[in-house]
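Side chains are part of it too, since the values below use all heavy atoms of this structure and drop only hydrogens, waters and symmetry mates. When a residue number appears, it is its place in the shown sequence, counting from 1. Just follow the structure's listing: the first ligand is 1, and inside any ligand the first atom is 1.
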Amino acid sequence: MSNTSTIITRADCEKLDQQDPLAVLREEFDLPAGVIYLDGNSLGARPKAALQRAQEVITREWGTDLIKSWNTAGWFDMPSTLGNQLAPLIGAEANEVVVTDTTSINLFKAIAAALQLQSGDSKRKTIITERSNFPTDIYMAEGITRWLDRGYQIVLIDTPEELPTVINDSTALVMLTHVNYRTGYLHDMAAVTALAHQHGALILWDLAHSAGAVPVALNAAKADFAVGCTYKYLNGGPGAPAFIWVPAHHQAVFHHPLSGWWGHANPFAMSPGFTPTPGIRRALCGTQPITSLAMVACGLDTFGKTDMQAIRKKSLALTDLFINLVESRCASHPLELVTPRNHQQRGSQASFRHPHAYAVIQALIQRGIIGDYREPAIMRFGFTPLYTRFIDVWDAAEGLRDILDSKDYDANAERHAVT
Ligand SMILES: *Cc1c(COP(=O)(O)O)cnc(C)c1O
């Protein structure tokens with residue numbers, strides 16, 4: 001697909017689907033007819049298994065077995081069981097990940113723990129992140145530093161190339177999102193981690209657009225902390241709990257202020273003082289949303305039928321194809337690719353800037369081609385190799401071409417609350 005001068009036909013895409021070793025995994029998902037879903041980076045599609053699992057949780061585990069299910073149905077252990085199932089997808093070991101709370105809350109815990117670890121060195125007062133980071137990451141850092149009121153400063157950089165010049169001996173924490181939610185830019189995790197460590201800084205990676213999308217090697221990169229979502233590429237369901245990773249060597253010194261009873265060494269001792277449990281479960285806070293948490297396993301089960309290398313190979317083929325088709329077929333329109341062409345710097349999405357991006361996305365959605373809009377003027381298309389076919393890519397590019405050629409969009413379309 002790298003030869004842009006080749007004319008690609010829909011029949012070529014059908015052939016690619018026939019040869020695709022991941023094609024069978026589409027059967028694991030219940031996708032509505034007539035929809036091309038390119039928004040699995042925002043809310044993953046529903047695994048078929050989730051319906052039966054939800055029924056089981058609600059009727060048998062909750063309905064019949066009631067409170068016994070905390071023990072008999074594995075409810076109490078579920079954050080750790082799921083964390084262990086997720087660990088291989090992000091290059092983590094068993095007992096280093098729990099699935100719990102939201103990404104925002106897990107960011108709070110990790111930022112707090114990192115700042116406390118660095119508090120012995122009063123020169124370390126900066127948290128470095130990107131202005132283009134997903135806003136909640138910046139908001140959480142703002143909230144905690146303002147509340148601590150110890151002179152911490154958040155340094156916002158505009159390009160990844162600035163990292164070597166801004167990371168220095170006054171850096172407490174580097175907090176980056178591995179794959180940028182808007183552009184799909186993919187950081188070199190090992191290189192940036194090494195850079196942070198050279199200056200004694202800690203590093204926190206947000207894997208919201210990486211987990212299940214690109215291979216991640218947290219331990220190999222020697223990263224310090226990581227968080228991420230399960231409702232995006234991991235297909236855990238709307239609002240499914242997030243995850244937090246603390247490597248074994250940091251666990252004993254990982255202290256965060258949300259010291260709820262689920263992080264206690266012996267929660268049912270009901271003792272009045274807080275003693276954190278020695279392992280990763282100290283990252284938990286309170287009682288977990290079990291019905292929602294149970295769905296996460298259905299999403300993770302699909303990943304057990306393939307591996308991240310195969311997913312990455314198809315992901316790059318899908319994004320290459322989409323970029324080629326859009327650039328060749330929509331060449332007369334003011335589209336600008338904002339996703340890196342270089343494979344080493346690309347996540348599993350392709351984003352284009354267009355002056356009427358919002359209206360064009362709305363027109364695509366009306367035709368059953370679901371991407372999304374992100375400020376400013378960006379059309380974002382996520383490619384989930386588990387259920388996206390090459391013909392879907394062809395049809396989506398063709399739909400976009402037709403909308404742009406015919407100007408079949410309402411340039412004054414009103415914005416919905418969720419774009
Ligand atoms: C999607 C996303 C989040 C979402 O956080 P929630 O607390 O789950 O709403 C956070 N950070 C990044 C980088 C994201 O892409």
Side-chain angles (χ1 to χ4, degrees), residues 38-45 79 82-83 86 90 97-112 114 127-144 154 156-157 160 173-187 189 192 203-214 216 218 223 225-245 256 258 283-286 288-289 292-293 295-296 299 338-339 346-351 371-375 378 380-384 417-419:
L38 303 180
D39 218 354
N41 50 328
S42 195
L43 173 62
L82 293 171
L86 169 61
I90 55 173
V97 185
V98 277
V99 177
T100 184
D101 297 335
T102 67
T103 300
S104 302
I105 289 173
N106 290 333
L107 282 163
F108 178 87
K109 298 171 198 166
I111 297 168
I127 299 176
I128 293 169
T129 191
E130 291 181 277
R131 197 181 307 279
S132 66
N133 199 345
F134 191 90
T136 206
D137 297 49
I138 305 174
Y139 299 163
M140 294 310 291
E142 275 185 34
I144 194 164
I154 298 167
L156 299 176
I157 58 167
L173 176 67
V174 179
M175 176 184 78
L176 294 171
T177 295
H178 185 217
V179 175
N180 185 279
Y181 78 100
R182 191 192 282 128
T183 63
Y185 178 93
L186 167 68
H187 281 283
M189 180 181 281
V192 178
I203 192 153
L204 162 57
W205 289 102
D206 188 329
L207 305 179
H209 291 271
S210 311
V214 299
V216 178
L218 286 168
F225 309 105
V227 299
C229 301
T230 67
Y231 54 75
K232 294 174 178 167
Y233 290 92
L234 296 176
N235 309 311
F243 63 88
I244 179 165
W245 169 77
H256 66 85
L258 303 180
L284 299 177
C285 180
Q288 296 302 300
S292 186
L293 203 53
M295 301 300 101
V296 176
V338 297
T339 299
R346 188 195 305 161
S348 198
Q349 70 186 64
S351 301
D372 63 22
Y373 171 79
R374 285 293 175 263
E375 289 288 345
I378 285 173
R380 184 175 76 154
F381 304 93
F383 295 87
T384 48
V418 176
T419 62

My understanding is that only residues two or more places apart in sequence, or in another chain, count here; which of them pass side-chain contact (heavy atoms from CB on, under 4.5 Å) with Met189?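 Testing Met189 for side-chain contact (heavy atoms from CB on, under 4.5 Å), a comparison that skips the adjacent residues, returns His178, Thr193, Trp205, Leu207, Val216, Leu218, Ala221.
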Shell of residues surrounding ligand 1, defined by a 4.0 angstrom heavy-atom cut-off that is strict: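 If the criterion is a heavy atom under 4.0 Å, then ligand 1 touches Thr102, Thr103, Ser104, Phe134, Thr136, Asp137, Thr177, Asp206, Ala208, His209, Cys229, Tyr231, Lys232.
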From the options Asp372, Thr183, Thr339, select the one residue that forms a side chain to side chain donor-acceptor pair (under 3.5 Å) with Arg380.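 Filter result, single survivor: Asp372.
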Could you measure the distance from the NE2 atom of His256 to the CD1 atom of Ile244? Nearest 0.5 Å is fine.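 Answer for the NE2-CD1 pair, His256 versus Ile244, is 7.0 Å.
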Going by atom type alone, with no hydrogens or angles, which donor-acceptor pairs under 3.5 Å involve a side-chain atom of residues 102-110 and a protein atom two or more places apart or on another chain?
from: Thr102; atom 1: OG1; to: Ser104; atom 2: N; distance (Å): 3.4
from: Thr102; atom 1: OG1; to: Ile105; atom 2: N; distance (Å): 3.1
from: Thr103; atom 1: OG1; to: Gly228; atom 2: O; distance (Å): 3.3
from: Ser104; atom 1: OG; to: Thr136; atom 2: OG1; distance (Å): 2.9
from: Asn106; atom 1: OD1; to: Lys109; atom 2: NZ; distance (Å): 2.8
from: Asn106; atom 1: ND2; to: Thr100; atom 2: O; distance (Å): 2.9
from: Asn106; atom 1: ND2; to: Thr102; atom 2: O; distance (Å): 3.4
from: Asn106; atom 1: ND2; to: Phe243; atom 2: O; distance (Å): 3.4
from: Lys109; atom 1: NZ; to: Asp101; atom 2: OD2; distance (Å): 2.7
from: Lys109; atom 1: NZ; to: Ala283; atom 2: O; distance (Å): 2.8

Does Gln349 reach the main-chain N or O of Arg182 with its side chain, forming a donor-acceptor pair under 3.5 Å?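 Yes.
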Residues forming a ring pair (Phe, Tyr, Trp, His ring centres under 6.0 Å) with His209, sequence neighbours excluded: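 His209 satisfies ring pair (Phe, Tyr, Trp, His ring centres under 6.0 Å) with no other residue.
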